[in-house]
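Step one of this worksheet: look at the structure below.
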Amino acid sequence: MMLIPTHHFRDIERKPEYLQPEKCVPPPYPGPAGTMWFIRDGCGIACAIVTWFLVLYAEFVVLFVMLIPSRDYVYSIINGILFNLLAFLALASHCRAMLTDPGAVPKGNATKEFIESLQLKPGQVVYKCPKCCSIKPDRAHHCSVCKRCIRKMDHHCPWVNNCVGENNQKYFVLFTMYIALISLHALIMVGFHFLHCFEEDWTKCSYFSPPTTVILLILLCFEGLLFLIFTSVMFGTQVHSICTDETGIERLKRKHQPREHRGSWKTVKETFGGNFSLNWFNPFSGPCHPELLNDGDWVRQAASMSDNTEATEEQVEGRKDEESVEVTDE
């Protein structure tokens, strides 16, 4: 008996009737390629709005409390340009992470006609998600919020109101990095501003009254410290996942089943868009992936990889519910 490969945590059945293709109905109006992706989730939309509000609040305090009232114009101009550039890149990365299809598998394609068109060999195994009625490739997992199976799904993040998957992981990494940088930059400026106000008259270091200035700076300091810690941890986790070629769900599911990491420089380059360059840090430049396969090709490829996979009934039963596992960075 051979062990199931680490990535094959999904429903496995040798019997074709398990797919129940007659119960699968394709979407009546499939969206055209390139259609904007947006998840209609109340919690996710609220979190995304809060994210933008907090960045704009930091922008307001930095500009109108610390930089514009400053008499050191060189200091104000340099820090203003730097902070605004980082804030713009952070919000652009957030939009790309939120509005990019993370790698959704075609929904409702487990129809009888489609399965017959694959012309699979006897003994080959195909995997079907019973929740969205789709035949999915290797390393795809179902998200209960997006209601779709996502290729190389790492987790669902409410702060970007989207899953982090194959197509948008770069944007999520850039978002966490730029938020961490503007948080650190804001904390440094708050420290210098407090020192300046203690040395000077508080009425001359801000357009607002001293109590209002102190409250605004303390709130910014608390926000900056909180998000610096949070986004730095997320950034490190994502970089580790990319370098080891292991998503958050895969890491959670293997638990006590050690796996040899197959990460490589090639994986990093595919995620960030080619050889190292400034485009790695550009949220308007996408990742690069191998030549895209059509529905039939990637299903045949996944089935071929499963030719030699064997599992006992106990292993199958024990893993039937694992596809519904959801990881959030709450």
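Between the Lys170 side chain and the Ser285 main chain, a donor and an acceptor come within less than 3.5 Å of each other. At least one donor-acceptor pair closer than 3.5 Å links the side chain of His94 to the backbone N or O of Trp159.
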Inset, instruction - Would you please test Ile249 and His155 for side chain to side chain contact (heavy atoms under 4.5 Å, CB included) and show each step? - result: CA-CA 7 Å; Ile249 289 182; His155 68 287; 5.8 Å; no
Legend entry - Intermediate values then yes/no, side chain to side chain contact (heavy atoms under 4.5 Å, CB included), Ile179 and Val55: CA-CA 8 Å; Ile179 290 293; Val55 173; 3.9 Å; yes
Inset, instruction - Dump the intermediate steps for side chain to side chain contact (heavy atoms under 4.5 Å, CB included) on Cys133 and Lys128, then the final yes or no. - result: CA-CA 7 Å; Cys133 209; Lys128 173 231 175 183; 4.1 Å; yes
Legend entry - Steps toward side chain to side chain contact (heavy atoms under 4.5 Å, CB included) verdict (Tyr75, Leu67): CA-CA 8 Å; Tyr75 171 86; Leu67 296 183; 3.9 Å; yes
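Side-chain contact between Leu99 and Phe38 is present, with at least one heavy-atom pair separated by less than 4.5 Å. Within the 4.5 Å cutoff, side-chain heavy atoms of Met177 are placed close to those of Phe281. Inter-residue side-chain proximity for Tyr178 and Leu91 is flagged as unmet; no heavy-atom pair is nearer than 4.5 Å. Met189 has its side chain out of reach of Leu220: every pair of non-hydrogen atoms, C-beta onward, lies at least 4.5 Å apart. Within the 4.5 Å cutoff, the side chain of Glu270 has no heavy atoms near those of the Asp245 side chain. With a 4.5 Å cut-off on side-chain heavy atoms, Asn167 and Arg151 count as touching. At a threshold of 4.5 Å between non-hydrogen side-chain atoms, the residues Pro69 and Val65 do not count as touching. Within the 4.5 Å cutoff, the side chain of His141 has no heavy atoms near those of the Ile150 side chain.
Put simply, OG1 on Thr176 and CZ on Phe230 are 9.5 Å apart, with the number rounded to the nearest 0.5 Å. We find the OG-CG distance between Ser232 and Leu184 to be 8.0 Å, quoted to the nearest 0.5 Å. We find the CD1-CG distance between Ile182 and Leu187 to be 10.5 Å, quoted to the nearest 0.5 Å. Rounding to the nearest 0.5 Å places SG of Cys143 at 5.0 Å from NE2 of His156. The line from CZ of Arg148 to OG of Ser134 is 7.5 Å long, rounded to the nearest 0.5 Å. Between atom OG of residue Ser183 and atom CG of residue Leu225 there is a gap of 9.0 Å, rounded to the nearest 0.5 Å.
Both Leu85 and Leu174 are assigned to one and the same hydrophobic cluster, defined by single-linkage of ILVMFWY side chains at heavy-atom distances under 4.5 Å. Follow the hydrophobic side-chain contacts under 4.5 Å out from Val214 and you never reach Leu195; the two are in separate clusters. Residues Leu82 and Ile68 share a hydrophobic cluster, clusters being chains of Ile/Leu/Val/Met/Phe/Trp/Tyr side chains in contact below 4.5 Å. The hydrophobic cluster containing Ile188 also contains Ile218, counting ILVMFWY residues as joined when their side-chain heavy atoms lie under 4.5 angstrom apart, directly or transitively. Both Tyr57 and Ile215 sit in one connected hydrophobic cluster of ILVMFWY residues. Membership requires side-chain heavy atoms under 4.5 Å apart, directly or through other members.
Residues that satisfy the ring-ring contact (aromatic ring centres under 6.0 Å, His included) test with His185, not counting sequence neighbours, are Phe83. Evaluation of the disulfide (SG to SG under 2.5 Å) rule for Cys197 yields Cys205 as partners, not counting sequence neighbours. In this view, Gln238 and Asp154, Gln169 satisfy the side-chain hydrogen bond (donor to acceptor under 3.5 Å, both in side chains) rule, not counting sequence neighbours. The ring-ring contact (aromatic ring centres under 6.0 Å, His included) test applied to Phe227 returns no partner, not counting sequence neighbours. Every side-chain hydrogen bond (donor to acceptor under 3.5 Å, both in side chains) that Thr212 has, sequence neighbours left out, goes to Ser209. The side-chain contact (heavy atoms from CB on, under 4.5 Å) search around Cys95 returns Trp52, not counting sequence neighbours. In this view, Tyr171 and Arg96 satisfy the side-chain hydrogen bond (donor to acceptor under 3.5 Å, both in side chains) rule, not counting sequence neighbours. Partners of Phe64 by ring-ring contact (aromatic ring centres under 6.0 Å, His included), not counting sequence neighbours, listed by chain and number: Phe60. Residues satisfying the ring-ring contact (aromatic ring centres under 6.0 Å, His included) test with Phe198, not counting sequence neighbours, are Trp202. Contacts of Ser241 classified as side-chain hydrogen bond (donor to acceptor under 3.5 Å, both in side chains), with partners at least two apart in sequence or in another chain: Arg251.
With Arg139 as reference, Glu250 is the one residue of Glu246, Glu250, Glu166 to meet the side chain to side chain donor-acceptor pair (under 3.5 Å) rule.
Atom CZ of Phe192 sits in a sparse spot, with 12 or fewer heavy atoms from other residues, nucleotides or ligands closer than 6.0 Å. Residue Leu278 qualifies as open at atom CG: its count of foreign heavy atoms under 6.0 Å is 12 or below.
Here the shortest heavy-atom pairing between Gly44 and Asn161 reads CA-OD1, 3.3 Å. Here the shortest heavy-atom pairing between Val268 and Cys243 reads CG2-SG, 4.2 Å. Closest of all the heavy-atom pairs between Ala90 and Phe175 is O-CD1, 3.5 Å. Heavy-atom minimum distance, Lys107 versus Cys132: CG-O, 3.5 Å.
Applying the side chain to side chain donor-acceptor pair (under 3.5 Å) test to pairs two or more places apart or on separate chains, none has a residue in residues 215-224.
Side-chain heavy-atom separations under 4.5 angstrom define the hydrophobic clusters, and the remaining members of the one that includes Ile77 are Ile81.
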